[in-house]
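Working notes, structure below.
One-based numbering along the sequence shown. Side-chain atoms are counted along with the backbone in the values below, which use heavy atoms only and exclude waters and symmetry mates. Numbering of ligands and ligand atoms starts at 1, following listing order. The shown structure was predicted, so the numbers you read here are calculated from the model rather than taken from an experiment.
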Amino acid sequence: MKNDLIVTIFGSTGDLTARKLLPALAKLYKQKTITQNVKVICLGRRDYDTETYLNEMQKLTSKSLDLPHLSKFVEYFKMQITDLTDYQKLNTYIRSISNEHSKHIYYLAIGPEILADVAKNISESKLIEFNNTNQVLVFEKPFGHNLESAVKVNQMLWNYFDEKQIYRIDHYLGKEMIQNLMTLRFANRIFEDTWDSKSIESVKIFVKEEEGILNRAGYYDTSGALKDMVQSHLLQILSLVAMDPPNLYESDYIKDEKVKVIRSLNIDKKSVLFGQYKGYLEELNIPKDSKTETFVYFRVFVNTPRFRGVPFEILTGKKLSQKESYVEISYHKTSEQEKWNLPLHSNKLRILINPKGAVDLSINSKMPGLKDNLEVVHLNFTTTPSVEGNIPEAYEKLLLDIVEGSRTLFTRWDEIEASWHFIDEIKKCPHSLFVYESEHELMEKIN
Ligand SMILES: NC(=O)c1ccc[n+]([C@@H]2O[C@H](COP(=O)([O-])OP(=O)(O)OC[C@H]3O[C@@H](n4cnc5c(N)ncnc54)[C@H](OP(=O)(O)O)[C@@H]3O)[C@@H](O)[C@H]2O)c1
């Protein structure tokens, strides 16, 4: 049978495939959001058949895989993905199950060390032909480890593929509240008309994690919080919060505005704080003299007419008090608040991204009763539990967008380039490494 959609996963025996890709594909298939005429080819060098493969994948994740559905469209295909000679049989197989209109997604769930070899093999074996947007390549961060290496990876990819064929995944952009940021800003006059330095005093973008590095020592110690979190997720959130409205709600227009923000960042050099949680050096496979940061904080200014002079506080770290990600917008007090000299709070708009989506606006109000007492009250909405059960995982949304050719939630090269410029600048700021035992200690150092 010929398939309309063929997803080929390179590195299909890994964590990403087991925990994210297979569950997302199973759900999209079960809900008939993608064609039922789909084949997912899982490439690996291990000696499995499809049934053994799926059972092995189940062992890699604590959640239950939907094996009845997966076994309908998944097929394990044994080959060595770094060896070009093995691609001939793959190509022959894929041609035998596709038609001229089939969409082909080649998902590289592999580390950066074999990315160049695999990309070259995909091109040389003609699995992807230049400019054919029915044949696309998907890969995950890390997009290099500094500007220089990112440029190299990108130039390598552009040798073989057109930018329109490349999908760079930052899974944070698939989260509901991140997608909602533009709607909140641009589809609500009360926010859009006050979204500038005249009304906004400061902005916080905080992404806190409670856990340590778990079993990611090898990767994490070469990366650290700045590259792992700030270069991708936090700068992406910052650009969505600070950008000017795009002329059209279309991928390239949106990215043009996001890039302008990242290019106009001015770091407050004195504010930079790097931290490492106590016990990091005792984690398995971490060198005893590691200087890798597990916490970063800094203040940055967005040098655009809209936000000039407004400090953006950026914070991310591991082993903090709780898992929580949010954007908090603090508004200036009104001139009456200043004149009356009452203990009135400034309005705050908090957009909670993780662990659940919520929006909370705090306002001042008179307490009901005979006295003139005041209180802060909250206007809020939360994604309710019944809705939450139906909220798609980030990877479902991202995979569906790739199938449909929608590029808004994927990172364009110039966004990555501008981000690395900025990250390299932060690294040059003088900073020491503060060893912390609690979030409280860090907050005291910041304030
Ligand atoms: N896991 C996540 O949640 C996550 C999140 C964001 C980004 N990413 C990125 O996604 C990529 C994959 O992550 P992962 O966590 O799935 O990694 P992983 O668990 O280490 O899996 C890597 C996969 O690549 C294969 N592989 C490694 N070296 C190979 C070689 N020389 N020849 C053939 N196959 C080889 C492995 O095959 P074997 O099983 O045979 O060794 C395995 O299937 C990485 O770039 C990672 O940074 C992952």
Side-chain angles (χ1 to χ4, degrees), residues 7-25 40-48 52-63 65 74 76-87 90 105-122 137-145 149-150 153 156-157 166-175 178 207 209 211 213-225 227-234 236 285 316 318 323 354 393-399 402 409-411 416:
V7 182
T8 307
I9 305 178
F10 294 71
S12 74
T13 49
D15 174 78
L16 180 68
T17 311
R19 284 193 313 110
K20 301 292 182 189
L21 302 184
L22 293 180
L25 287 162
V40 174
I41 307 171
C42 292
L43 307 182
R45 52 189 167 173
R46 300 179 188 219
D47 206 7
Y48 294 151
T52 330
Y53 166 71
L54 285 174
N55 290 333
E56 290 299 317
M57 289 294 96
Q58 179 60 83
K59 291 181 195 161
L60 290 186
T61 167
S62 55
K63 295 208 176 127
L65 285 179
V74 166
Y76 182 77
F77 192 98
K78 187 184 170 205
M79 67 177 269
Q80 178 50 269
I81 56 178
T82 49
D83 184 354
L84 180 61
T85 51
D86 270 17
Y87 280 66
L90 175 65
I105 297 174
Y106 295 93
Y107 202 119
L108 306 190
I110 50 175
E113 63 288 350
I114 54 171
L115 185 74
D117 284 346
V118 172
K120 183 165 176 272
N121 288 344
I122 289 176
L137 184 88
V138 184
F139 76 111
E140 295 266 344
K141 75 179 186 91
F143 309 125
H145 53 86
S149 61
V153 171
M156 176 277 291
L157 291 174
I166 303 172
Y167 287 75
R168 301 177 188 84
I169 287 205
D170 178 346
H171 70 269
Y172 233 74
L173 296 184
K175 290 190 183 291
I178 302 280
V207 176
E209 293 175 282
E211 287 171 330
I213 54 165
L214 302 175
N215 52 3
R216 294 171 72 213
Y219 162 72
Y220 196 86
D221 198 57
T222 57
S223 172
K227 295 184 198 170
D228 185 44
M229 299 297 290
V230 181
Q231 186 272 332
S232 46
H233 310 326
L234 280 96
Q236 283 292 326
N285 297 329
T316 184
K318 292 190 177 294
K323 183 177 171 69
N354 233 349
E393 285 279 331
Y395 278 89
E396 286 165 47
K397 169 68 178 157
L398 295 168
L399 282 163
I402 299 166
L409 299 180
F410 301 88
T411 324
I416 294 176

Short N/O distance, under 3.5 Å, between [X] and ligand 1?
| X | answer |
| --- | --- |
| Y395 | no |
| L16 | yes |
| P142 | no |
| T13 | yes |
| G11 | yes |
| R46 | yes |
| Q80 | yes |

Show the numbers, then the answer: is there a side chain to side chain contact (heavy atoms under 4.5 Å, CB included) between L21 and Y395? CA-CA 7 Å; L21 302 184; Y395 278 89; 3.8 Å; yes
Can you see whether F143 has K141 sitting over its ring - NZ or CZ less than 6.0 Å from the centre and within 45° of the normal? no
For [atom], closest protein heavy-atom neighbour:
| atom | value |
| --- | --- |
| atom 22 (C) of ligand 1 | A109 O, 4.0 Å |
| atom 21 (O) of ligand 1 | G14 CA, 3.3 Å |
| atom 46 (C) of ligand 1 | K141 O, 4.0 Å |
| atom 6 (C) of ligand 1 | E140 OE1, 3.4 Å |
| atom 40 (O) of ligand 1 | R45 NE, 2.8 Å |

Could you check F10 against I122 for side chain to side chain contact (heavy atoms under 4.5 Å, CB included), going step by step and ending with a plain yes or no? CA-CA 11 Å; F10 294 71; I122 289 176; 3.6 Å; yes
Take every heavy atom of G111, measure it against each atom of ligand 1, and state whether any distance is under 4.0 Å. yes
For E113, does the CD atom sit with more than 12 other heavy atoms under 6.0 Å from it, leaving out its own atoms? yes
Any idea which part of [X] is under 4.0 Å from ligand 1, heavy-atom wise: side chain, backbone, both or neither?
| X | result |
| --- | --- |
| D15 | both |
| R19 | side chain |
| I110 | both |
| E113 | neither |

Over all atoms of both residues, closest heavy-atom pair of I81 and V118: O-CG2, 3.8 Å
I need the Q236 CD to I416 CD1 distance, nearest 0.5 Å. 8.0 Å
Considering only heavy atoms of I114, which atoms of ligand 1 have at least one such atom less than 4.0 Å away? 28 (N), 29 (C), 30 (C), 31 (N), 35 (C)
By number and element, which atoms of ligand 1 are closer than 4.0 Å to a non-hydrogen atom of S12? 43 (O)
Show your working on side chain to side chain contact (heavy atoms under 4.5 Å, CB included) between Y107 and T8 and close with a plain yes or no. CA-CA 6 Å; Y107 202 119; T8 307; over 6 Å; no
Checking [X] side chain against [Y] main chain: does a donor-acceptor pair fall under 3.5 Å?
| X | Y | result |
| --- | --- | --- |
| Y53 | S12 | yes |
| Q80 | R45 | no |
| K227 | H145 | yes |

When you check the side-chain N and O atoms of Y219 and D228, is any donor under 3.5 Å from an acceptor? yes
Check whether any protein heavy atom sits under 4.0 Å from atom 17 (O) of ligand 1. no
Start with the C-alpha distance between F139 and I166, add both sets of side-chain angles, then the distance that settles side chain to side chain contact (heavy atoms under 4.5 Å, CB included), and finish with yes or no. CA-CA 8 Å; F139 76 111; I166 303 172; 3.9 Å; yes
